[in-house]
Protein chains: 2
Amino acid sequence: MFSKSCKYAMRAVLYLAIHSDAEHKLGVKETSEALEVPGPFLAKLLQQLSRHHLISSTKGPNGGFFLSEANSKANLRGVVESIDGPEVFSSCILGLPVCSSTNPCPLHSRALIYRQGLLELVEDQTIKEVAHRVERQELKI
Amino acid sequence: MFSKSCKYAMRAVLYLAIHSDAEHKLGVKETSEALEVPGPFLAKLLQQLSRHHLISSTKGPNGGFFLSEANSKANLRGVVESIDGPEVFSSCILGLPVCSSTNPCPLHSRALIYRQGLLELVEDQTIKEVAHRVERQELKI
DNA sequence: TTATTAAAAGATAAAAATATCTTTTATTCT
DNA sequence: AGAATAAAAGATATTTTTATCTTTTAATAA
């Protein structure tokens with residue numbers, strides 16, 4: 001499914017959505033400890049997300065990572081595509097290099113449906129909305 | 001999604017379903033060349049499938065891999081679970097070690113739906129049925 | 001029963017993903 | 001301006017996955 005990196009990234013983004021804003025930034029250390037993921041590795045992922053403008057960051061004292069208003073109004077699709085690449089939503093389920101409706105693998109049409117579900121999963125709610133649900137329902141991330 | 005190994009395995013099983021039976025067994029070489037996958041690597045996968053009785057094999061002259069009638073009446077789920085493990089259909093989409101309906105991650109309920117689709121994809125037709133479609137519609141594998 | 005064939009098993013290697021460590025750069029505060 | 005802080009960037013290490021190679025075992029056929 002999604003790579004370990006991608007899962008770390010999604011969880012980190014949700015954590016930032018809940019615990020950070022432009023006035024309260026979070027360091028890698030706090031975030032990685034809260035999520036129990038390797039700190040230096042998460043740092044790389046957050047840097048990558050920041051470069052792609054999916055999260056925000058500043059250096060120096062009181063600096064750190066955070067979600068801007070704009071960031072939190074986006075959905076998780078961008079995060080997934082930034083880490084695992086856009087192909088996760090389109091690549092052939094049998095791994096064929098070319099597989100399309102005109103030239104399909106035997107599972108193609110069914111795979112389309114399943115894949116649509118996957119896309120909706122990360123696309124039909126904003127990060128902010130997911131984060132709110134986590135808070136209201138005390139969900140784990 | 002599925003690992004490269006798993007994709008190779010599914011394609012090989014379909015290839016065997018089409019081109020082999022108890023009287024016409026196929027060697028690793030022919031199969032790997034037809035599918036353009038690394039031979040020694042495919043050999044390992046086929047051995048594993050054979051150990052799990054998802055495909056059949058015999059040694060010696062005229063030996064090789066093939067699908068028995070029983071093998072081809074099964075579906076692809078067993079193949080996937082044999083290679084990637086049963087967790088592919090149940091593990092948390094965010095990678096949380098525990099994630100259930102009583103203790104869900106924020107994407108849990110939606111992930112259930114998508115995952116159901118994935119399961120149906122490999123479960124609701126027999127290998128034989130898929131193979132027939134490949135032949136009738138000249139699909140690639 | 002001997003030679004041959006092909007899978008099974010075991011050992012090794014290469015590549016990719018995951019994880020860590022060090023140095024540099026930007027920012028803030030004193 | 002200088003010290004401190006934290007991300008950015010770069011280099012390195014470990015683990016897992018993917019791939020290959022060699023030896024052994026089982027089966028067939030001559």
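The chains referred to below are lettered A, B, ... by the order of the sequence lines, with proteins before strands, and numbering in each begins at 1.
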Problem set entry | A:Ser91 backbone acceptor or donor facing A:Arg115 side chain under 3.5 Å | yes
For this session: Have a look at A:Lys29 and say if it touches a base, only the backbone sugar-phosphate, or nothing, with a 4.0 Å heavy-atom cut-off.
Result: nothing
Exercise. Hey, does the side-chain of B:Gln47 have a donor or acceptor N/O within less than 3.5 Å of a partner on the base of C:dA7?
Worked result: no
For this session: Please work out if B:Leu45 contacts a base, only the sugar-phosphate, or nothing of the nucleic acid, heavy-atom cut-off 4.0 Å.
Result: nothing
Exercise. Rounded to whole angstrom units, what separation is found between the CZ atom of B:Phe2 and the C1' atom of D:dT18?
Worked result: 19 Å
Exercise. Is any side-chain nitrogen or oxygen of B:Ser5 closer than 4.0 Å to OP1 or OP2 of D:dT17?
Worked result: no
For this session: Establish, with yes or no, whether the OP1 or OP2 oxygen of C:dA9 is under 4.0 angstrom from a side-chain nitrogen or oxygen of B:Arg51.
Result: yes
For this session: Would you please confirm or rule out a distance under 4.0 Å between OP1 or OP2 of D:dT18 and any side-chain N or O of B:Tyr8?
Result: no
Exercise. Should the heavy atoms of other residues, nucleotides or ligands under 6.0 Å from CD of B:Gln137 be counted, would the total exceed 12?
Worked result: yes
Exercise. Among C:dA7, D:dA29, D:dA7, which nucleotide sits nearest the side chain of B:Asn62?
Worked result: D:dA29
Exercise. Has A:Thr58 got a side-chain N or O lying under 4.0 Å from the OP1 or OP2 atom of D:dA7?
Worked result: no
For this session: Check every atom of D:dA27, C:dT18, D:dT20 against the side chain of B:Pro38 and return the nucleotide holding the closest atom.
Result: D:dT20
Problem set entry | same_hphob_cluster(A:Phe66, A:Ile141) at 4.5 Å side-chain heavy-atom cutoff | no
Exercise. Nearest to the side chain of A:Pro61, which nucleotide is it out of C:dA19, D:dA4, D:dA8?
Worked result: D:dA4
Problem set entry | Atom-pair distance (NE2 on B:His52; P on C:dA8), nearest Å | 13 Å
For this session: Answer with base, sugar-phosphate or nothing: what part of the nucleic acid does B:Lys25 contact at a heavy-atom distance below 4.0 Å?
Result: nothing
For this session: Remember a base hit wins even if backbone is also touched, and classify A:Pro40 as base, sugar-phosphate or nothing at under 4.0 Å, heavy atoms.
Result: base
Exercise. Quick one: the side chain of B:Lys59 and the base of D:dT25, do they pair up donor-acceptor inside 3.5 Å?
Worked result: yes
For this session: Tell me, yes or no, whether the heavy-atom count around B:Glu135 atom CD, taken from other residues, nucleotides or ligands under 6.0 Å, exceeds 12.
Result: yes
Exercise. Within the distance-only criterion (no hydrogens, no angle test), does the side chain of B:Ser32 pair as donor or acceptor with the backbone N or O of B:Val28 below 3.5 angstrom?
Worked result: yes
Problem set entry | B:Phe41 CZ to C:dA14 P, straight-line distance once rounded to whole Å | 16 Å
Exercise. Tell me: CZ of B:Phe65 to P of C:dA7, nearest whole Å?
Worked result: 5 Å
Seminar exercise, completed: The single option from B:Val79, B:Leu67, B:Ile127 that satisfies side chain to side chain contact (heavy atoms under 4.5 Å, CB included) with B:Ile55 is B:Leu67
Exercise. Which whole-number value in Å describes the distance from A:Lys44 NZ to D:dG10 P?
Worked result: 8 Å
Exercise. OP1 or OP2 of D:dT16 less than 4.0 angstrom from a side-chain nitrogen or oxygen of A:Lys4, does that happen here?
Worked result: no
Problem set entry | DNA chain C: 5'-proximal contact among A:Gly39 and A:Gly60 (nearest heavy atom) | A:Gly39
Exercise. Atom CD of B:Gln48 and atom P of C:dA7: how far apart are they, to the nearest Å?
Worked result: 17 Å
Exercise. Could you give the CG-to-P distance, from A:Leu42 to D:dA7, as a whole number of Å?
Worked result: 10 Å
For this session: Using a 4.0 Å heavy-atom cut-off across all strands, classify B:Ile55 as base, sugar-phosphate, or nothing.
Result: nothing
Exercise. When the distance from CG of A:Leu46 to C1' of C:dT18 is rounded to whole Å, what number comes out?
Worked result: 15 Å
